[in-house]
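Right, one structure below, let's go through it.
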Amino acid sequence: MGHSSGLRDGQRGRLPARSMAWPAFSGSLTDVGPQAVRQDPDEVAPRLRVRGFILDTAAFRAFEEERRQLQSQTERLQRERNTRSKAIGAAKARGEDIALLVAQVGDLGQRLNAAKAAFNGLQERLHRFLSEIPNLPDASVPEGATEADNLELRSWGRMPQIDFEPLDHVDLGAGGALDFAAAVKISGARFVVMKGAAARLHRALTQFMLDTHVEEHGYTEVYTPYIVNSASLFGTGQLPKFADEQFAIEGAGGMHLIPTAEVPVTNLYRDVIIDADALPIRHVCHTPCFRSEAGSYGKDTRGMIRQHQFEKVELVQLVRPEDSWQVLEELTGHAEAILKKLELPYRTVALCGGDLGFAAAKTIDLEVWLPGQGRYREISSCSNFLDFQARRMMARYKDAGGGASEYVHTLNGSALAVGRTLVAVLENFQDGAGGASVPEVLRPYMGGAARLDLNTI
RNA sequence: GGAGGGGUGGCUGAGCGGUCGAAAGCGCUGGUCUUGAAAACCAGAGAGGUGAAAGCCUCCCAGGGUUCGAAUCCCUGCCCCUCCGCCA
């Protein structure tokens, strides 16, 4: 314990890369982040292979060897400078002539600067190398490369009895309720304009989800900025590796549109030592999410399944390490509760290693049944990050009695993606007459209406 | 947008370019005292890197510069505060 491997100190979590702290390593090899690489690359490499990440242990060893050499050289010169300067100061205090001493220093400063530059350059490359290593998957994560290898855990609900050919949401909204053409004109592909009943349904879903999590699941609602700095994106793991997937704001010094509320909400606790009594911390937050969808060309181009802008109600928890697996189950249950209340059939799957996000140790997806497409589609993703994000952002907790601070564990999950939920409601509750019935729980949010007319806007 | 003032350890707040990693107070930890607590008194304690260890090296917002030597001087950036202007 207390063992640490920070690359740079006193500069925690700030970008650019040069000034970012590498979070410390302070635990056993079990269930720690890639920092364990520094302890035992050979132990970590096979575990990373489960998610398809090949750890270049040879490169790492080369880095370490160079680091060792440059660091000791730099520190030796620093020590010499300190010693000589102190001697000069002491001589001066005694009123002696210091000219000779100063002359003896020679080109020490030059040599030190050169050594420092070499060391800093190495540090930067090493830091980049380490910060692009994903979290270690939990032992329970199934092997596999793609979505097809995900493991179905359970399913809930009954498929709707539709005695006509079900339409998908694009056709259901073709009367203008979902206006993709308008969105193309004012923005471009992968956007939607919702009108009339659809727009109201979208708002109703959001309010319903927020109210449920606040009133029934004990979450505290937060409202956050939709634009964040790079340090925040580093903290949750979107940077440096996934810059392409974010929308950066030009000329704004590293500001980005948020890809998910996870970023601003989790980063509320960046560089914070939380009172242990305050745990668990539970936040629910509704935000738009912005994703460039780079690399998904040709994928889900029809409809509003994959958009550059969508709304999401997100659950975020910060918990004591020993509680995080239990909390993953609970948090997933909170997301499931929304689907159940909406009477939407879904199934639960454990993501395989290859499908796992960068920062997650384990992820459970909820997939809702879409009659219009005749398949299940992801509508929520609930993950345990263990201390991976906490290390990146220095989010720690401390017991009241003092003692060392420890990293919290962070979790989050969509509950739910609002746009996809709207799609699911329209497709599952379509009535074959250009409309859809409104799930009971939503009616109070829809002015009591029991049916949506999608053709009148 | 304009004009000023600032960023020092958990907090408040000192700090002539040379034993300053940094005074003091508060808070914190341990002890004495007390039935217990409070008060009082005494003692202790920053974070990190590296190394088997001794030790050595960083860190006074960040980056750069001047200097034998920078918390202290200079430049740039970021952030905060006050006033003016504009504004949902």
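Just so we're on the same page: letters track the sequence lines, and every chain starts at 1. Quick note: numbers below take in every heavy atom, side chains included, and nothing from hydrogens, waters or symmetry partners.
B/A62 and B/C68 have their C1' atoms separated by 26 Å, with the value rounded to a whole Å. Atom name C1', nucleotides B/A45 and B/G31: the rounded distance is 15 Å, in whole Å. When the P atom is compared between B/G6 and B/G63, the two are found 23 Å apart, to the nearest whole Å. Rounded to the nearest Å, the gap between the P atom of B/G27 and that of B/A39 is 8 Å. A distance of about 16 Å separates the P atoms of B/C60 and B/C11, rounded to the whole Å. Taking atom P on both B/G9 and B/A23, the two are 12 Å apart, rounded to the nearest angstrom. B/G7 and B/A14: their P atoms are spaced 9 Å apart (whole Å). Using C1' as the reference atom, B/G10 and B/G46 are 10 Å apart when rounded to the nearest Å.
Look at CG on A/Leu112: it is 17 Å from P on B/C56, rounded to the nearest Å. Taking atom CD of residue A/Glu80 and atom P of nucleotide B/U58, one finds them 13 Å apart after rounding to whole Å. The interatomic distance linking A/Asn229 (CG) with B/C61 (P) rounds to 19 Å, in whole Å. In this structure, CD of A/Gln123 is placed 11 Å from C1' of B/U58, rounded to the nearest angstrom. Atom CZ in A/Arg76 sits about 16 Å away from atom C1' in B/G55, given to the nearest Å. As rounded to whole Å, 13 Å separates atom C1' of B/C68 from atom CG of A/Asp97. Atom pair A/Glu96:CD and B/G18:P shows a separation of 18 Å (rounding to whole Å applied). In this entry the distance linking CD of A/Gln78 with P of B/U50 reads 15 Å, nearest Å.
Using Watson-Crick or G-U wobble geometry with both donor-acceptor distances under 3.5 Å, B/A23 finds no partner in any strand shown. Checking B/G4 for Watson-Crick or G-U wobble geometry (two distances, each under 3.5 Å) identifies B/C81 as its partner. Here B/A70 sits opposite no nucleotide as a Watson-Crick or G-U wobble pair (both hydrogen-bonding atom distances under 3.5 Å). Of the nucleotides present, none pairs with B/A45 by Watson-Crick or G-U wobble criteria with both distances under 3.5 Å. For B/A53, there is no paired nucleotide, since no Watson-Crick or G-U wobble pair has both relevant distances below 3.5 Å. With a 3.5 Å ceiling on both atom-pair distances, B/U34 lacks any Watson-Crick or G-U wobble partner. Base pairing analysis places B/C86 opposite nothing; no Watson-Crick or G-U wobble pair with both distances below 3.5 Å involves it. B/G9 makes up no base pair with any nucleotide shown, lacking Watson-Crick or G-U wobble contacts both under 3.5 Å.
Here salt bridge (charged side-chain N to carboxylate O under 4.0 Å, His left out) pairs that include residues 443-456 of chain A, with residues two or more places apart or in two chains, are A/Asp431-A/Arg451, A/Glu440-A/Arg443. Note on residues 304-319 of chain A: pairs passing salt bridge (charged side-chain N to carboxylate O under 4.0 Å, His left out), not counting sequence neighbours, are A/Glu293-A/Arg306, A/Asp300-A/Arg306, A/Lys312-A/Glu314.
In this structure, A/Phe129 and A/Phe60 have parallel ring planes: the angle between them is below the 30° cut-off, well short of the 60° mark. Note: A/His217 and A/His334 have parallel aromatic rings, judged against thresholds of 30 and 60 degrees for the angle between ring planes.
Checking B/U58, B/C68, B/U50 against every side-chain atom of A/Arg81, the shortest atom distance belongs to B/U58. Which of B/C57, B/U50, B/C68 sits closest to the side chain of A/Asn82 comes down to B/C57. The listed nucleotides are B/G69, B/C56, B/G51; the one nearest the side chain of A/Glu75 is B/C56.
Between A/Ala90 and A/Val105, the residue anchored nearer the 5' end of RNA chain B, judged by the nucleotide with its closest heavy atom, is A/Ala90. Comparing A/Gln71 and A/Thr74 by the nucleotide of RNA chain B whose heavy atom lies nearest to each, the residue mapping closer to the 5' end is A/Gln71.
Of the N and O atoms on the side chains of A/Ser140 and A/Lys362, at least one donor lies less than 3.5 Å from an acceptor on the other residue.
Within the structure, every side-chain polar atom (N or O) of A/Arg79 is placed at least 4.0 Å from both OP1 and OP2 of B/U58. Between A/Arg94 and B/U19 there is no side-chain N or O to OP1 or OP2 distance below 4.0 Å.
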Please step through ring pair (Phe, Tyr, Trp, His ring centres under 6.0 Å) for the pair A/Tyr226 and A/Phe290, ending with a clear verdict. CA-CA 9 Å; A/Tyr226 304 153; A/Phe290 302 94; 7.3 Å; no
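The base of B/G18 is paired with the side chain of A/Lys92 by a donor and an acceptor separated by under 3.5 Å.
Taking every heavy atom of both residues into account, A/Ala198 and A/Leu422 meet most closely at O-CD1, 3.3 Å.
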